[in-house]
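Atoms within a ligand are numbered from 1 in the order they appear, just like the ligands themselves. As the structure is a computational prediction, the values presented were derived from the model and not from experiment.
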Amino acid sequence: MEYLKLYNGVEMPVLGYGVYQVPDYNECKRSVLAALEAGYRSIDTAQAYQNEEAVGDAIKESGVGRKDLFITTKLWITDFGYEAAKKAFETSLKKLQLEHLDLYLLHQPFGDVHGAWRALEELYKAMKIRAIGVSNFYPDRVMDLINFNEITPMVNQIETHPFYQRTEDHSFLEEQGVVHESWAPFAEGRGEFFNNEILSSIGKKYGKSIAQVTLRWMIQRDVVVIPKSVTPSRIKENFDVFDFKLSQEDMEAIAALDQNESQFLNHRDPETVKWFGKLLKN
Ligand SMILES: NC(=O)c1ccc[n+]([C@@H]2O[C@H](COP(=O)([O-])OP(=O)(O)OC[C@H]3O[C@@H](n4cnc5c(N)ncnc54)[C@H](OP(=O)(O)O)[C@@H]3O)[C@@H](O)[C@H]2O)c1
């Protein structure tokens, strides 16, 4: 495994396993066990994924030592605010059956972000969390959080894949010392991702799949990846990305695929913010 060092010295695996859209307990537990068996040591879940219990049970059953694991979960916006965040953190920890978290993220840049962040800062100082960060924050929101608080986030997890490469975000985050983590490395298959001819032809040169080429491309850009799959063969395939290196020419060919546009949602569109606001009122 390769690692990226966060600015506080914590080492984060460059490759982890994500469990978004795996709400079924048995499927999630079985898949996390398969991932741990394949060699993954970093697992990315969230309060909103409703599968923290399954992740916790899989970790326990796997027998992998706690110090070898890197466990991330995320605080959902309905629990943003200082008091609610502290409570939700304890609930997540209990569901995961852990004494501490490796990384805790604010899932979205909406609602009482600053109140929630102060709770995370306190939990970090109390050594209940080894690193704290954010997700779906555009550079302006990251900058505001840095300006207004004591601790700079260590990680920002944002949509990143060949069609939405986040080059400017990456430079900004690097300047601030924040590690860039990708979500949806395969764009969840959107835009005919798994039929892309450029990625496929690059893969053929190395005897690797489109998925493997994509993960390798991000790792070479110092972007952390957390691909999701519930298919055992794909779980293994996505882990097998450390025995080759893409040439500069191939890195550039992938760079040319950037459409610089989300395949999912624009967090800056007032309609998106309105939609999230409705969740807060429910
Ligand atoms: N912070 C956020 O707001 C946020 C948002 C989205 C995701 N995330 C995190 O990022 C993780 C990854 O993103 P994602 O789950 O949205 O999407 P993704 O990893 O881009 O794509 C997952 C899809 O690709 C398929 N797949 C996986 N490996 C494959 C392979 N080698 N060949 C062909 N198909 C393959 C999976 O199918 P099967 O499962 O059927 O094999 C699944 O349909 C999530 O699980 C979650 O942890 C975070």
(message) Can you confirm whether Lys245 is buried at NZ, in the sense that more than 12 heavy atoms of other residues, nucleotides or ligands lie under 6.0 Å from that atom?
(response) no
(request) Enumerate the atoms of ligand 1 whose separation from the nearest heavy atom of Gly18 is less than 4.0 angstrom. (result) 45 (O), 47 (O)
(request) Starting from atom 13 (O) of ligand 1, find the nearest protein heavy-atom neighbour and note its residue, name and distance. (result) Ala184 N, 3.0 Å
(message) Please tell me whether Asp250 and Tyr206 have a donor and an acceptor in their side chains that are separated by less than 3.5 angstrom.
(response) yes
(message) Below 4.0 Å, non-hydrogen atoms only: which portion of Ala187 touches ligand 1? Side chain, backbone, both or neither.
(response) backbone
(message) Heavy atoms only, cut-off 4.0 Å: how does Ser135 contact ligand 1, side chain, backbone, both, or neither?
(response) side chain
(message) Applying a heavy-atom cut-off of 4.0 Å, say which part of Asn238 lies close to ligand 1: side chain, backbone, both or neither.
(response) side chain
(message) Using heavy atoms and a 4.0 Å limit, tell me yes or no: is Pro185 in contact with ligand 1?
(response) yes
(request) Measure from the ring center of Phe264 to the ring center of Trp183 and say whether it is less than 6.0 Å. (result) yes
(message) Heavy atoms only, cut-off 4.0 Å: how does Ala211 contact ligand 1, side chain, backbone, both, or neither?
(response) side chain
(message) Out of His267, His107, Glu188, who is nearest to atom 17 (O) of ligand 1 when you count heavy atoms only?
(response) Glu188
(request) Among all protein heavy atoms, pick the one closest to atom 15 (O) of ligand 1 and tell me residue, atom and distance. (result) Lys228 CB, 3.1 Å
(message) Just by distance, no angles: are the side chains of His100 and Arg66 close enough, under 3.5 Å, to form a donor-acceptor pair?
(response) yes
(message) Need the ligand 1 atom indices (1-based, order shown) with element for anything under 4.0 Å from a heavy-atom of Asn136.
(response) 1 (N), 2 (C), 3 (O)
(message) Is it true that Tyr82 and Lys86 share a donor-acceptor pair across their side chains at a distance under 3.5 Å?
(response) yes
(message) If the cut-off is 4.0 Å to any non-hydrogen atom of Asp44, which atoms of ligand 1 fall inside it?
(response) 9 (C), 46 (C), 47 (O)
(message) We want to know whether Tyr17 and Asn238 form a side-chain donor-acceptor pair, criterion being a heavy-atom distance below 3.5 angstrom.
(response) no
(message) I'd like to know if the side chain of Asn260 pairs up with that of Gln165 as donor and acceptor (distance under 3.5 Å, no hydrogens or angles considered).
(response) no
(message) If you apply the rule side-chain hydrogen bond (donor to acceptor under 3.5 Å, both in side chains), what do you find for His170 with Glu168, and how did you get there?
(response) CA-CA 5 Å; His170 187 86; Glu168 285 174 21; over 6 Å; no
(request) Please identify which atoms of ligand 1 are closer than 4.0 Å to at least one heavy atom of Gln157. (result) 1 (N), 2 (C), 4 (C), 8 (N), 9 (C), 48 (C)
(request) Name the closest protein heavy atom to atom 35 (C) of ligand 1, giving the residue it belongs to and the distance to 0.1 Å. (result) Phe194 CZ, 3.4 Å
(request) Could you see which bit of His161 sits under 4.0 Å from ligand 1, with heavy atoms only: side chain, backbone, both or neither? (result) neither
(request) Give a yes or no on whether a salt bridge exists between Asp102 and Arg130, defined as a side-chain N under 4.0 angstrom from a carboxylate O. (result) yes
(message) Atom OH of residue position Tyr20 - does it have more than 12 heavy atoms of other residues, nucleotides or ligands inside 6.0 Å?
(response) no
(request) Give the numbers and elements of all ligand 1 atoms closer than 4.0 Å to a heavy atom of Pro227. (result) 19 (O)
(request) Would you mind checking if Glu52 and Lys94 are paired as a salt bridge, meaning a charged N to carboxylate O distance below 4.0 Å? (result) no
(message) Just to be sure I read this right, does ligand 1 sit under 4.0 Å from the backbone of Glu237, its side chain, both, or neither, counting only heavy atoms?
(response) side chain
(request) Using a 4.0 Å heavy-atom cut-off, say whether Val19 meets ligand 1 through its side chain, its backbone, both or neither. (result) backbone
(request) Can you figure out which of Tyr20, Tyr49, Trp183, Phe186 has its heavy atom closest to atom 45 (O) of ligand 1? (result) Tyr20
(message) Looking only at the side chains, is there a donor atom on one of His267 and Gln108 sitting less than 3.5 Å from an acceptor on the other?
(response) yes
(request) Identify, for atom 12 (C) of ligand 1, the protein heavy atom at the shortest distance, and state residue, atom and that distance. (result) Ile226 O, 3.2 Å
(request) Ignoring hydrogens and angles, state whether a donor on the side chain of Glu121 or Trp117 is under 3.5 Å from an acceptor on the partner side chain. (result) yes
(request) Looking only at protein heavy atoms, identify the closest one to atom 29 (C) of ligand 1 and say how far it is in Å. (result) Arg234 CD, 3.5 Å
(request) Can you sort out which atoms of ligand 1 are near Thr231, meaning under 4.0 Å from one of its heavy atoms? (result) 38 (P), 40 (O), 41 (O)
